[in-house]
Amino acid sequence: MSDDKKLTPRATDFSAWYNEVVLRAQLADYSPVRGCMVIRPDGYGIWERMQRALDDMFKATGHRNAYFPLLIPESYLRKEAEHVEGFAPEAAVVTHGGGKKLDEPLVIRPTSETIIYSMFAKWVQSYRDLPILINQWANVVRWEMRTRLFLRTLEFLWQEGHTAHATHDEAEAETRQMLGVYRTFMEGWIAMPVVTGLKTQSEKFAGALRTYSCEAMMQDNKALQAGTSHNLGQNFAKAFELQFQDEAGEMQFAWNTSWGASTRMIGGLVMTHGDDNGLRVPPKLAPTEVVVVPIWKSDEERSRLLEAAQQLKTTLSSWNGRGDDRIRVHIDAREGIKPGAKYYEWELRGVPLRIELGPRDLAGNSCMTARRDTREKKIFSLDGIAESVAGVLGTIQDDMLKAARDRREANSVREPISYDRFKELMEGEGAFVYAGWNGDPAVEAKVKEETKATIRCIPDEEFRTPGGPTTCMVTGEPAKHQVVWAKAY
RNA sequence: CGGGGCGUAGCUUAGCCCGGUAGAGCGCCUGCUUCGGGAGCAGGAGGUCGGAGGUUCAAAUCCUCUCGCCCCGACCA
């Protein structure tokens, strides 16, 4: 930062830009422990809104919240072979408690499949006990080598849904349903378009039958996996003897699913919408949707404008045209800071709409508004101001999604390309490349080795290029799948 | 863990090569004037120079060790 008022531009150093936005918009700060972060009120406020929206959707699909403990017997993690292989290396282990060495070490949950399905096993006897539809909001710990604010930290916040079903098909339907919930949330709230699809075997969750994911494109054209939904099959049921008696009186292993989305989505929000002036928060997730900046010169004006600002706030926040979802307004009444300085600050912090209220506006029974997404300024009448503001907030929300989707498609490659061209692309600007794949994991590994790019997913029907590639981009053999290649976070 | 960079005021940093009273900008506090896109002036507070040893009359500066952070890589939501 040569000019300490300005951010490092995205084009100069995307990574530096990201860190600066997160820190300066006061979303988070580094903690004394390497790889951990403090989520500050502005960041946590976004998380709370994410939680509320998702939680409502989980409830609407029949799930209930519960809480399982942080500490898990180490032996539990070992019971599912693939699972332990995936998570043991990054597990934090508690070996001492109460000043004594523990008989059995306790793992701090990296995820809760083991403890949850062991408990389900106690609760389920009959097919009549199924399905079990549980969600928990929790923190988890994974000892990552390299960390980044929100995107990968040793501890993070998330929700993990865990369900048990009588049949494979029901579990599969649940897995797909929750993937759909994530997609609805990411597009409708974060205004972050995603490609949904199936993970390849090498990229799937350790212990799952199948993993589906939501893949979003960041402004550096890298993919961010923002939510995953797993069909766990009977793997955990078998490991933890989660059985039930079916209608015929036969003992059956249950079919499980798990699905999670985390504070990582906040990183996705930043990298999807931020610009060189700072953060841009979609209105539906913004803790503050509207900031009012009163403008005055004299003391007389000051008291008049502060009163008018307060009135405006009351008008906006008491308007019930959005039902219980009242407009969230903040008045910036700080003295000794010029209005212009306040504008820059609130732009950095991403508040979707700014209202400037000065003597000239009052005289005309109007106010000046400025959209954060387009920086467009417009005069609004104070008559019917709540409807106008709600209207523009809705427009901002829609426009942000559209802009992000346009950008993603502009940086997606859907026509057939050579592997050489692909390598160039991945070395350069990056992209989502829709290409044929022969289904061979060795090809996947080779591409990853040579380009750092991976198969993000085998996209669901609607995301595929119609009449897409019939041959494998790498080998030229007949393609088994159309896949999305990209470098990922 | 490998490679690179960096630790000096709340933040960004100069000074280090060539040892000699620790400086600046921003921010902060007080006052006055300002106030429709990053205010001006005046005054003021704020530092174990990451830590520990060593060399020296004298160490932010030289030497040794150590701790931490950031970036790139292997691993990952």
Side-chain angles (χ1 to χ4, degrees), chain A residues 1-6 8 13-16 18-20 23-24 29-37 85-91 110-111 139-160 182 199 202-206 211 213-216 223-230 258-268 277-278 293-299 301-302 305 332-348 354-364 366-368 370 375 377 379 448-449 452 454 488-489:
Chain A
M1 277 188 287
S2 52
D3 179 350
D4 61 8
K5 280 177 182 161
K6 288 209 171 80
T8 299
D13 184 344
F14 192 76
S15 189
Y18 174 79
N19 286 330
E20 287 171 22
L23 294 170
R24 292 180 53 185
D29 204 350
Y30 293 107
S31 91
V33 177
R34 177 199 77 85
C36 294
M37 66 187 278
E85 198 183 314
F87 283 103
E90 54 189 56
T111 178
N139 58 339
V140 285
V141 169
R142 299 180 185 176
W143 216 263
E144 302 291 350
M145 311 245 185
R146 241 190 89 213
T147 58
R148 301 202 56 191
L149 293 168
F150 287 115
L151 302 175
R152 182 170 300 105
T153 45
L154 299 195
E155 179 187 2
F156 60 92
L157 306 183
W158 76 346
Q159 58 67 219
E160 45 180 325
Y182 286 149
K199 285 291 190 185
S202 69
E203 295 276 333
K204 76 175 170 63
F205 176 76
T211 291
S213 73
C214 294
E215 302 286 333
L224 183 76
Q225 178 177 305
T228 49
S229 187
H230 316 289
S258 69
W259 26 276
S262 71
T263 41
R264 179 181 237 204
M265 292 187 292
I266 298 173
N277 299 306
V293 179
I295 301 161
W296 65 78
K297 288 190 183 32
S298 63
D299 277 353
E301 277 179 357
R302 177 176 167 276
L305 266 300
D332 186 350
R334 289 175 298 173
E335 301 192 40
I337 301 175
K338 294 181 77 168
K342 292 181 180 178
Y343 303 165
Y344 282 103
E345 178 176 334
W346 293 111
E347 282 171 10
L348 172 66
R354 179 179 74 240
I355 297 181
E356 305 165 10
L357 195 63
R360 290 210 297 265
D361 303 294
L362 278 195
S366 65
C367 59
M368 178 65 81
R375 302 185 92 205
K377 291 180 83 154
I379 294 172
K448 184 174 183 179
E449 170 74 27
K452 312 284 181 221
T454 50
Y489 275 96

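Sequence lines set the chain letters: A, B, ... in the order given, protein chains first and strands last, and positions in each chain run from 1. Note: hydrogens, waters and symmetry copies are ignored here, and every other heavy atom, side chains too, is used. None of these values were measured; they are calculated from a predicted model.
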Spacing of the [atom1] atoms in [M] and [N] (rounded, Å):
{"N": "B:rG73", "M": "B:rC62", "atom1": "P", "result": "32 Å"}
{"N": "B:rU64", "M": "B:rC69", "atom1": "C1'", "result": "22 Å"}
{"N": "B:rU8", "M": "B:rA52", "atom1": "P", "result": "15 Å"}
{"N": "B:rA9", "M": "B:rG3", "atom1": "P", "result": "29 Å"}
{"N": "B:rU61", "M": "B:rU56", "atom1": "P", "result": "16 Å"}
{"N": "B:rG40", "M": "B:rC65", "atom1": "P", "result": "49 Å"}
{"N": "B:rG5", "M": "B:rC11", "atom1": "P", "result": "23 Å"}
{"N": "B:rG10", "M": "B:rG46", "atom1": "P", "result": "12 Å"}

For A:W158, look at atom CH2 and say whether over 12 heavy atoms of other residues, nucleotides or ligands are found less than 6.0 Å away.
->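 Yes - once you tally the heavy atoms of other residues, nucleotides and ligands closer than 6.0 Å, there are more than 12.
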
Would you say A:I379 has more than 12 foreign heavy atoms packed within less than 6.0 Å of its CD1?
-> no

Any side-chain donor near an acceptor of the partner, A:T8 and A:E20, under 3.5 Å =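 Checked: A:T8/A:E20 side chains pair up, N/O donor to acceptor below 3.5 Å.
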
Apply the test salt bridge (charged side-chain N to carboxylate O under 4.0 Å, His left out) to residues A:E345 and A:R354: give CA-CA distance (whole Å), side-chain angles for both, the deciding distance (0.1 Å), then the verdict.
-> CA-CA 11 Å; A:E345 178 176 334; A:R354 179 179 74 240; over 6 Å; no

[X] (side chain) donor-acceptor with [Y] (main chain) under 3.5 angstrom:
{"X": "A:D332", "Y": "A:R334", "value": "yes"}
{"X": "A:Y182", "Y": "A:G260", "value": "yes"}
{"X": "A:E301", "Y": "A:K297", "value": "yes"}

Parsed dot-bracket for RNA chain B after applying the Watson-Crick and G-U rules with both distances under 3.5 Å and | for other-strand partners is ((((((((.[[[[.)....(..]]]].((((((.....)))))).....[[[[[..)....]]]]])))))))....

Atom pairs under 3.5 Å: protein N/O with N/O of nucleotides 67-72 of chain B:
residue, atom, partner, partner atom, Å
B:rC69, OP1, A:R34, N, 2.8
B:rC71, OP1, A:N19, ND2, 3.2
B:rC72, OP2, A:R146, NH2, 2.1

Who are the side chain to side chain contact (heavy atoms under 4.5 Å, CB included) partners of A:E144, not counting sequence neighbours?
-> A:E90, A:R142, A:T147, A:R152, A:L154

With sequence neighbours excluded, what pairs up with A:Y30 under the side chain to side chain contact (heavy atoms under 4.5 Å, CB included) test?
->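 A:N19, A:L23, A:L149.
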
I need the [atom1]-[atom2] distance between [X] and [N], as an integer number of Å.
{"X": "A:L151", "N": "B:rC75", "atom1": "CG", "atom2": "P", "result": "18 Å"}
{"X": "A:E144", "N": "B:rC1", "atom1": "CD", "atom2": "P", "result": "17 Å"}
{"X": "A:K204", "N": "B:rC75", "atom1": "NZ", "atom2": "P", "result": "17 Å"}
{"X": "A:E449", "N": "B:rG73", "atom1": "CD", "atom2": "C1'", "result": "12 Å"}
{"X": "A:R24", "N": "B:rG38", "atom1": "CZ", "atom2": "C1'", "result": "11 Å"}

Which part of the nucleic acid does A:K342 contact within heavy-atom distance under 4.0 Å: base, sugar-phosphate only, or nothing?
->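 A:K342: no heavy atom of the nucleic acid under 4.0 Å.
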
Using a 4.0 Å heavy-atom cut-off across all strands, classify A:T153 as base, sugar-phosphate, or nothing.
-> base

Considering only nitrogen or oxygen atoms on both sides, find all protein atoms under 3.5 Å from nucleotides 5-9 of chain B and state each distance.
none

A:F87 and A:F205 aromatic ring geometry - parallel, tilted or perpendicular at 30°/60° bounds = tilted

Give the intermediate values and the outcome of side chain to side chain contact (heavy atoms under 4.5 Å, CB included) for residues A:T228 and A:S213.
-> CA-CA 4 Å; A:T228 49; A:S213 73; 3.9 Å; yes

Shortest non-hydrogen contact from [X] to [Y]?
{"X": "A:N139", "Y": "A:E155", "result": "ND2-OE2, 2.9 Å"}
{"X": "A:A261", "Y": "A:Q159", "result": "N-OE1, 2.9 Å"}
{"X": "A:T263", "Y": "A:F150", "result": "O-CD2, 3.5 Å"}

CE-CG distance between A:M37 and A:D29, expressed to the nearest 0.5 angstrom =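 Nearest 0.5 Å value for the CE-CG distance: 9.0 Å.
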
Classify every nucleotide of nucleotides 30-37 of chain B by which part a protein heavy atom approaches to under 4.0 Å, writing B for the base, S for the sugar-phosphate alone and - for neither, in 5'-to-3' order.
-> -----BBB

